[in-house]
Amino acid sequence: MLDENHNVNNRSIKIKYIQTSSNAEEIYFIKINRNYEIIELNQSASIFFENAFKVSNFIKMNIFNLSFFNYKKERVKENIENSLCGKSISEIVEIEFNEKKYYEVIYFSHDVNNFRLASTTILVKDITVNYLNEISLKLNEERLNQLFQRAPLGYQSLNSNGFINDVNEMWLNTLGYQKEEVIGTWIGNYIDPDQISFLKSNFVKFKEKGKIHAEYNFKHKDGHFVTMSLDGRISYKGDQFERTHCIVNDITEHLKFQNQIIESEEKYRLLFSEMNQGIAHYKIILNEDGIPIDYIFTDANDYFLKMFDLSKESIIGKRATEVMPKVEKYWIDVFGKVALTGVSCNYDNYFEQTGRYYSTHSYMTKPGFFAVIARDITESKKAEENILYLSYHDQLTGLYNRRFYDEELKRLDTQRNFPITLIMGDINGLKLINDSFGHPIGDELIRNIANAITSACREDDIIARLGGDEFIVILPHTDQSSAENVLKRIKNKINEIRSEFIQISVSFGCSTKNSSEESTTVWIKRTEDEMYKNKVYESHSMRSRTIDLIMKTLFEKNSREMLHSTRVSEICGKLATYIGLSSEEINKIKLTGLMHDIGKIGIDEKILNSN
C-alpha cells in the first residue's frame, strides 16, 4: 500500500470522481454499517469483487472477508472509524492479483441515525493508467532538469537586487563552488573587485533594457580568475521584474587564442585549424574609388566549412558574392571597414542563405585582410525571442498584455495619430462563472471573447488583455463614430458565441482623444467611467440570469433537487424570520438555501437520478 493518506471534503470527493470518470460504472461503490457489514453496493462493485474473490452474496458480509480490504486491516478500520467521526479519507492502494494495479479508495459518511453517523461509504477506482502516467511525467521532469543541470553552457539567474536564484552544474564546475555556497549570495562576490563598479552600472542598464551582453572576470574558488561572456534576458511576471536568465560561457581560452593570433602566425595557424568555432580569412576587394565591393576567401577552418556546408575547394580564391550569392551588402561594408581601419567589431545577425543567426567577431590580420570568427547562435536567439514574446503577450489568449499596452499607448499618443480612441471591455460575472462551472469554462469564455474582439477589429488596432476579465483596444486614426462601428461589430461577434452553460455578457466603454491638449489620464478615466456605468446596468442583470440558468440546469437534471432546494429555502426563510432578521437579510438567506447544492451542477445526470 502506498502511504498517500489525506483528508478531503465529502462534496469534493463526489465531484472529483464524476469529473475524472467518463463512465460512472468504473467506480466501485460499497456502503457498510458500524459492524463492518456490507449493506449496499453498485453493480460494478459486485462484478469486480465476484470476479476477483469468487463471492456472489455480499449483503451482510463482513467487509474484511474481502482480501481487497484485508491488505492492512487495522489501517482500514482506522479509516472507517475516522469517517464515522465526520472525516473523509482518500488513499492510493497497490494490489497485485494477476498483475499489479493501483486503486484510489475513499471513505466518507453522510447517513445520520439518532444524531450520529450510521454508515460508511467506500468508493474504489482503478487509477493504474493515470498513476503510472504521473510517475512517467515526474521521471520526464527529472530528466529535463538533469539536461538543464548538465547543459554544456553555464546558466545563472538573479533577482532584482543581483542575488543568485539559481545556477547549473556547468557554472559550478567552471568556478569550483557547491550550489549551497552560492544560492542567495550577491553575484558581485564572484567578480573581480576591479570590475564591481562596472558590474553595478551594467546591472542598472540590464534592468532598463531587459537584455545584456557583457564579459567579466569571475573569481574561481581557488583564487584564479575565469573570463566569462554573459548573454542575458529578463523575464517578467505581469509587468513586474521576476528574474534574469543568463547564459555564461568560459571564454578564457578563446581570448588567449585571439591574442595568439595577433602575436604569431604559427600560433594563429594552430588555433585556426583546431578551434571549435568557425573561422575564415579574407582579402577585401576595392573599386577604383577605394570603396569595398566584395571580399575573397583565402582560408577557412573545418568548423566554418561544416557550419556553412561548404568545401575548401569550392571557396578558396573565390569572391563571397560568388560563393554566397545572398550575402547582404552591409556585410561587405562592415568587413571593409575592419580590413581598412583595423577596428574590430562584433555582430549578431541573420544570414538569409542559411536561414540561421550567427555571432561574429571580425578583426584585421594585416592591412586589406581580415578574419571572422563565427558562432551559430540560432537556438539561443530563438530562446531570447520566446522570452521576449512571453514578456509582451498574455499566455491564455495570445493577446498583448498590460506591459505592452502601456508602452504602446505612450508611443501612439501623439498628434499624428489623432483622433485616437479607446474601447475598454469587462466580462460580467466571470467570478460567478468560475465558481459555478470551474476555471476551465471561465478560461474558455475569455479565449472566445478574445477571438471575437480580434475578428471584429482592424489589422492596425492594438488589442490587449489587461487583467482577469478586462480587455482594451487602441484604435489610432479613429473618431468616435468609426469606433462605435467597430464596437458594434465586436458586440455582434460576442453575441455569436454559443454556450450551453452560461450567459455571456461584456460591458464596454468607448472614448476618443482628439488633441494633445486633452489629458491622457482623463481620457482613460472617461473610458473607464463609461464602461463601469454600463456595467452597473448590465452586470446585475447578467448575474441574475446566470444564477437562474445554473439553477434551471440543475433542476432539469433532477426534479428532486428542485423540490429539495425549494424546501431548504423555505425553512431558511422561516428560521431567519423567527430570529428577527430584516427583510433583506431574510431574502439573502432564502437565496442561499435555494442555491446550497449549486455544486451539483457538475455531477453527471445519471448519478443525480440514480437510486
Side-chain angles (χ1 to χ4, degrees), residues 152-154 174 195 198 202 211-218 225-233 246-284 292 294-308 310 315 320 323-324 327-354 356-381 383-384:
L153 294 175
T174 301
Q195 294 183 320
F198 177 59
N202 258 5
K211 62 180 181 178
I212 192 172
H213 173 80
E215 295 179 4
Y216 298 101
N217 292 324
F218 280 74
F225 288 97
V226 180
T227 304
M228 309 272 270
S229 69
L230 182 148
D231 292 278
R233 287 277 184 177
C246 300
I247 300 298
V248 291
N249 188 24
D250 181 357
I251 61 170
T252 307
E253 294 304 312
H254 171 69
L255 293 177
K256 288 180 182 178
F257 286 152
Q258 281 190 253
N259 292 332
Q260 289 171 352
I261 292 173
I262 298 171
E263 293 170 2
S264 168
E265 182 67 22
E266 186 175 349
K267 290 182 180 179
Y268 159 74
R269 175 55 54 192
L270 178 63
L271 168 65
F272 185 81
S273 60
E274 298 297 330
M275 69 185 302
N276 63 353
Q277 291 182 327
I279 182 168
H281 193 256
Y282 308 89
K283 176 185 177 181
I284 200 73
D294 211 333
Y295 49 92
I296 294 175
F297 284 89
T298 62
D299 205 353
N301 71 350
D302 291 340
Y303 201 94
F304 181 93
L305 297 172
K306 182 179 179 181
M307 187 185 299
F308 291 95
L310 299 170
I315 65 170
V323 175
M324 300 176 174
V327 65
E328 293 88 346
K329 185 180 182 302
Y330 71 81
W331 284 118
I332 298 174
D333 296 336
V334 168
F335 293 150
K337 184 177 180 180
V338 171
L340 297 176
T341 66
V343 177
S344 301
C345 73
N346 295 287
Y347 267 97
D348 291 351
N349 220 320
Y350 177 77
F351 189 41
E352 185 179 351
Q353 185 158 326
T354 61
R356 299 186 71 81
Y357 288 92
Y358 300 94
S359 176
T360 63
H361 174 69
S362 56
Y363 56 93
M364 184 178 74
T365 56
K366 60 182 179 180
F369 291 80
F370 66 97
V372 175
I373 299 174
R375 179 166 58 94
D376 190 331
I377 58 169
T378 304
E379 298 309 316
S380 62
K381 207 72 175 174
E384 289 177 8

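We're numbering straight along the sequence, starting at 1.
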Under a 3.5 Å distance rule, please check whether [X] uses its side chain to pair with a backbone N or O of [Y] as donor and acceptor.
X    : Y    : value
D299 : H281 : no
T378 : Y357 : yes
D250 : T252 : yes

Side-chain contact, heavy-atom cut-off 4.5 Å: [X] with [Y]?
X    : Y    : result
H254 : T227 : no
F218 : T174 : no
T360 : N349 : no
K283 : K366 : no
D231 : S380 : no

Minimum heavy-atom separation for [X] to [Y], with atom names?
X    : Y    : answer
G278 : Y303 : N-CD2, 3.3 Å
V372 : S362 : CG2-CB, 4.0 Å
S344 : H361 : CB-CE1, 4.0 Å
C246 : G232 : SG-CA, 3.8 Å
Q195 : E215 : NE2-O, 4.2 Å

- Query: With a 4.0 Å cut-off, would you call K329 and D333 a salt bridge?
  - Reply: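 Judged by the 4.0 Å cut-off on N to carboxylate O distance, K329 and D333 do form a salt bridge.
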- With Y358, which of Y350, Y347, F308 fulfils ring-ring contact (aromatic ring centres under 6.0 Å, His included)?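 Single pass found, and it is F308.
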- What residue among F370, F369, W331, Y363 forms ring-ring contact (aromatic ring centres under 6.0 Å, His included) with Y282?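 Output: one option passes, namely F370.
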Atom [atom1] in [X], atom [atom2] in [Y]: separation rounded to 0.5 Å?
X    : Y    : atom1 : atom2 : answer
R375 : M307 : CZ    : CE    : 9.5 Å
F335 : I284 : CZ    : CD1   : 9.0 Å
L230 : I212 : CG    : CD1   : 6.5 Å

- Task: Verify side-chain contact (heavy atoms from CB on, under 4.5 Å) between D348 and H213, making sure each step is shown before the conclusion.
- Result: CA-CA 11 Å; D348 291 351; H213 173 80; 6.0 Å; no
- Message: Could you walk me through whether V327 and D294 satisfy the side-chain contact (heavy atoms from CB on, under 4.5 Å) test, starting with their C-alpha distance in whole Å, then the side-chain angles of each, then the deciding distance to 0.1 Å, before giving a yes or no?
- Response: CA-CA 10 Å; V327 65; D294 211 333; 5.8 Å; no
- According to the interplanar angle, ranging from 0 to 90°, do the rings of F297 and Y295 count as parallel (below 30°), tilted (30 to 60°) or perpendicular (above 60°)?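 It falls in the tilted class, 30° to 60°.
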- Item | Neighbour count above 12 (heavy atom, 6.0 Å) for K381 NZ |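 Atom NZ in K381 is crowded, with more than 12 foreign heavy atoms closer than 6.0 Å.
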- Query: Can you list the steps and then say if M324 with L310 is a side-chain contact (heavy atoms from CB on, under 4.5 Å)?
  - Reply: CA-CA 10 Å; M324 300 176 174; L310 299 170; 3.7 Å; yes
